[in-house]
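So the structure is just underneath, and the comments pick up after that.
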2 protein chains.
Amino acid sequence: MKSSDMPLDIDQIIKKSQEVCTLAGAKLTDKRKNVLIVLLAAATPLSAYEIVERYKTHFHEALPVMSVYRMLDFLIQEKLVHKLETSGQYMSCAHITCEHQHETPQFLICDRCGSVKEIGIKQHIIAELERSIQSTGFTLAHQQLELHGICEHCQIKPQ
Amino acid sequence: MKSSDMPLDIDQIIKKSQEVCTLAGAKLTDKRKNVLIVLLAAATPLSAYEIVERYKTHFHEALPVMSVYRMLDFLIQEKLVHKLETSGQYMSCAHITCEHQHETPQFLICDRCGSVKEIGIKQHIIAELERSIQSTGFTLAHQQLELHGICEHCQIKPQ
DNA sequence: TCTGCTATGATATAACATAACATAAGAAAT
DNA sequence: ATTTCTTATGTTATGTTATATCATAGCAGA
């Protein structure tokens, strides 16, 4: 069984997230926490507007989109959430409870079912990429890669 | 002098574009051609709405956004134009007049000035990327990479 | 309690994109 | 030349993602 198929221990992840925020001198308020919970419970990345809907379903409380965007900004800053630039969607970081230093994330986005797998691409490939770019004088800001394709599961299914 | 600093021979690129379309059994209509000209004349990628504005300035004719999107779809299909997924902008292909088979494009996007450089990343790096992804069962649809950072020119400037 | 900071709410609007249906323009067939 | 078909474009409406701006609430420290 691959780790990605294992049920998440949301309580543990939230606890760890609290610690991360406290260490950074930031506050994981109830609403920020709930937004994170919505993302943790989702099988796919969500748009800010989808988060509003699910928040309402889960917590019986309406949250303005504007607030969701701000909470997402906060969670991204604390590296608890990633933004997928290619689709304008947000997902919880798959490695919140990992102790190791987080590398720049790389994503495999399934264009059929919308699922996303967060992977760690070998650092030497990224290094080689950077070397191949160096000659242009360009300095990379962030190396987040978003690769689109079809996931294993959807390849097996007839369509 | 690097080729990217050289003035484009727009006439020649348009002529070649006509050929590409004819070969594919498609028609590069006047309006499609004009949209391409707008992109060729731009220093940075443009959004569909910016294209509408410039089209009006250049050709004294109002074009509905809807039509621009369709023309962009056409030009992208003919590989004369690329879409930057991370910014929702469009730019002409830098290699229209090249005879060689076009590889999947890779882009260096300057987050300061918005300029974009279309580069060819060594094929073996892409191959290695694919290999590193293969174990996940994922099949890449397109390997277009959009890398954000600061371009050479903006690094030299004070801010 | 006052002050000030941070978080959140509310409203409006910008920016990017698509759906659905109507019309026009050009090629091919008769 | 007229009809017919197809492709291209126009029109209107709406959906989706994101930001600006100003107001308010809630909490911490002086």
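Proteins get letters first, then strands, A, B, ... in listed order; numbering begins at 1 in each. Basis for what follows: all heavy atoms, side chains included, without hydrogens, waters or symmetry-related copies.
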Completion exercise
When rounded to whole Å, the CG to C1' distance for the pair Asp30(A) and dA7(C) reads 12 Å
Handout entry: Separation of dT6(C) C1' from Gln77(A) CD (nearest whole Å)
Key = 13 Å
Practice task
Please check if any side-chain donor atom of His124(B) sits under 3.5 Å from a side-chain acceptor atom of Glu128(A), or the reverse.
Solution key: yes
Handout entry: Aromatic ring proximity Phe107(B)/His82(B), centre distance under 6.0 Å
Key = yes
Exercise for the section: Please report, rounded to the nearest Å, how far the C1' atom of dT18(C) is from the CG atom of Leu72(B). Expected result: 14 Å
Handout entry: Distance-only side-chain donor-acceptor flag, Thr139(A) / Gln155(B), under 3.5 Å
Key = yes
Handout entry: Check: Leu145(B) main-chain N/O paired with Gln106(B) side-chain donor or acceptor under 3.5 Å
Key = yes
Handout entry: Any donor-acceptor N or O pair under 3.5 Å, side chains Glu146(A), Thr86(A)
Key = yes
Handout entry: Any Lys27(B) side-chain N or O less than 4.0 Å from OP1/OP2 of dA27(C)
Key = no
Practice task
Please check the phosphate of dT16(D) (OP1 and OP2 only) for any side-chain N or O of Ser47(A) closer than 4.0 Å.
Solution key: no
Practice task
For DNA chain C, determine which residues of residues 54-63 of chain A have any heavy atom closer than 4.0 angstrom to one of its atoms, and list them numerically.
Solution key: Leu63(A)
Practice task
Would you mind classifying the nucleic acid contact of Arg70(B) as base, sugar-phosphate or nothing, using non-hydrogen atoms under 4.0 angstrom?
Solution key: base
Practice task
Report yes if a side-chain nitrogen or oxygen of Lys31(B) is closer than 4.0 Å to either non-bridging phosphate oxygen (OP1 or OP2) of dG10(D); otherwise report no.
Solution key: yes
Handout entry: Phosphate OP1/OP2 of dA7(C) contacted by Ser67(A) side-chain N/O (<4.0 Å)
Key = no
Practice task
Starting from the 5' end of DNA chain C, give me the residue, Tyr49(A) or Met66(A), whose nearest nucleotide shows up first.
Solution key: Met66(A)
